[in-house]
Amino acid sequence: MNMVITNRQSGTNVYEVAEGIYRINTPVVMDAGPGGFSFNQYLILDDEPLLFHTGPRKMFPLVREAVASIIPVEQLRYVGFSHLEADECGSLNEWLAVAPQSSPLCGTVAALVSINDMADRLPHALADGELLSLGKHSVRWFDTPHLPHAWECGFLMEEKTRTLLCGDLFTQPGNDHPAITESDILGPSEAFRQQMDYFSHTKNVRAMLEKLAAAKPTTLACMHGSAWRGDGAKLLRDLADELSL
Ligand SMILES: [Fe+2]
Ligand SMILES: [Fe+2]
């Protein structure tokens, strides 16, 4: 599939980055911080469709319009996210309202600390290493406390396409990226980390990145910037090296 613009004004667009996995991208200009930036959500199309990241609450109409260009929004079954932040789950309750059969999908810490209370329906909480079938696709949750930030942080690995939904890892600034790239994203994301210091300085980085590398992803579905295709295990280990310097 080619890139489809779903909103002319905002430039919100949709592109299939792996089989049945759609990147929804909205470019923005921020007054403070990086200037040009982008927010991505990922829709896994299957018997039980999953949206990973809701996008910021104020972006809900744009993300809803983009999802609706692929499936009727009420068909969503899971609304997942990595950790508690506006771009991760700001419109969680809006999604639960428009998709009445959907549940929040998160790790056990997020459920215990926040989502059991904040969400309008109880979450489906996944333990570290737990697998959830969506039909042809299945996703495995990995706890990564404080990597890159937030105690409740974790990521989902889609096993059929070997796509790691890697949230804020490899965050690239700018608002004009290809939907998917095979060129370097570590350099730009490391330059951005130096500038914004959004990593938590946890001492357990290497073990957690090694856990993700062992899943051998071939697509990294980043929340900010391009998705990436290549030897994901190597790139995760390269990131561990950078973070240990
Ligand atoms: Fe974050
Ligand atoms: Fe983010």
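Only this structure's heavy atoms are used, side chains among them; waters, hydrogens and symmetry mates stay out. Both counts, for ligands and for their atoms, begin at 1 and track the order of listing.
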Requested in this report: Would you check if the Fe ion (ligand 2) lies under 2.8 Å from any N, O or S atom of His53?
Outcome: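 So His53 does not count as coordinating the Fe ion (ligand 2).
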
Query raised in the report: So does Ser82 have any N/O/S atom less than 2.8 Å away from the Fe ion (ligand 2)?
Result: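 So Ser82 does not bind the Fe ion (ligand 2) by this criterion.
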
Report task. Ignoring hydrogens and angles, state whether a donor on the side chain of Thr181 or Ser183 is under 3.5 Å from an acceptor on the partner side chain. Result ->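 A donor-acceptor contact under 3.5 Å links the two side chains.
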
Query raised in the report: Any chance the side chains of Asn25 and His177 put a donor and an acceptor closer than 3.5 Å?
Result: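 The criterion, which ignores hydrogens and geometry beyond distance, is not satisfied for His177 and Asn25.
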
Kindly give the atom name of the N, O or S atom of [X] closest to the Fe ion (ligand 2).
| X | answer |
| --- | --- |
| His224 | NE2 |
| Asp87 | OD2 |
| Asp168 | OD1 |

Query raised in the report: What distance separates Ser82 OG from Trp141 CH2, expressed to the nearest 0.5 Å?
Result: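 The CH2 atom of Trp141 is 5.5 Å from OG of Ser82, to the nearest 0.5 Å.
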
Requested in this report: Restricting to N/O/S, name the atom of His149 that gets closest to the Fe ion (ligand 1).
Outcome: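 For His149, the N/O/S atom sitting closest to the Fe ion (ligand 1) is NE2.
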
Report task. Please name the atom of Glu85, restricted to N, O or S, that is closest to the Fe ion (ligand 1). Result ->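 The atom in question is OE1.
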
Query raised in the report: So Arg121 and Ser103, side-chain contact (heavy atoms from CB on, under 4.5 Å) or not? Walk me through it.
Result: CA-CA 7 Å; Arg121 278 199 296 281; Ser103 308; 5.5 Å; no

**Report entry** Ring center gap for His149 and Phe199 short of 6.0 angstrom
**Finding:**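 No, the ring of His149 stays outside the 6.0 Å limit from the ring of Phe199, centre to centre.
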
Query raised in the report: Between Val14 and Tyr22, what is the shortest heavy-atom contact and its length?
Result: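 Looks like CG1-CD2, 3.9 Å.
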
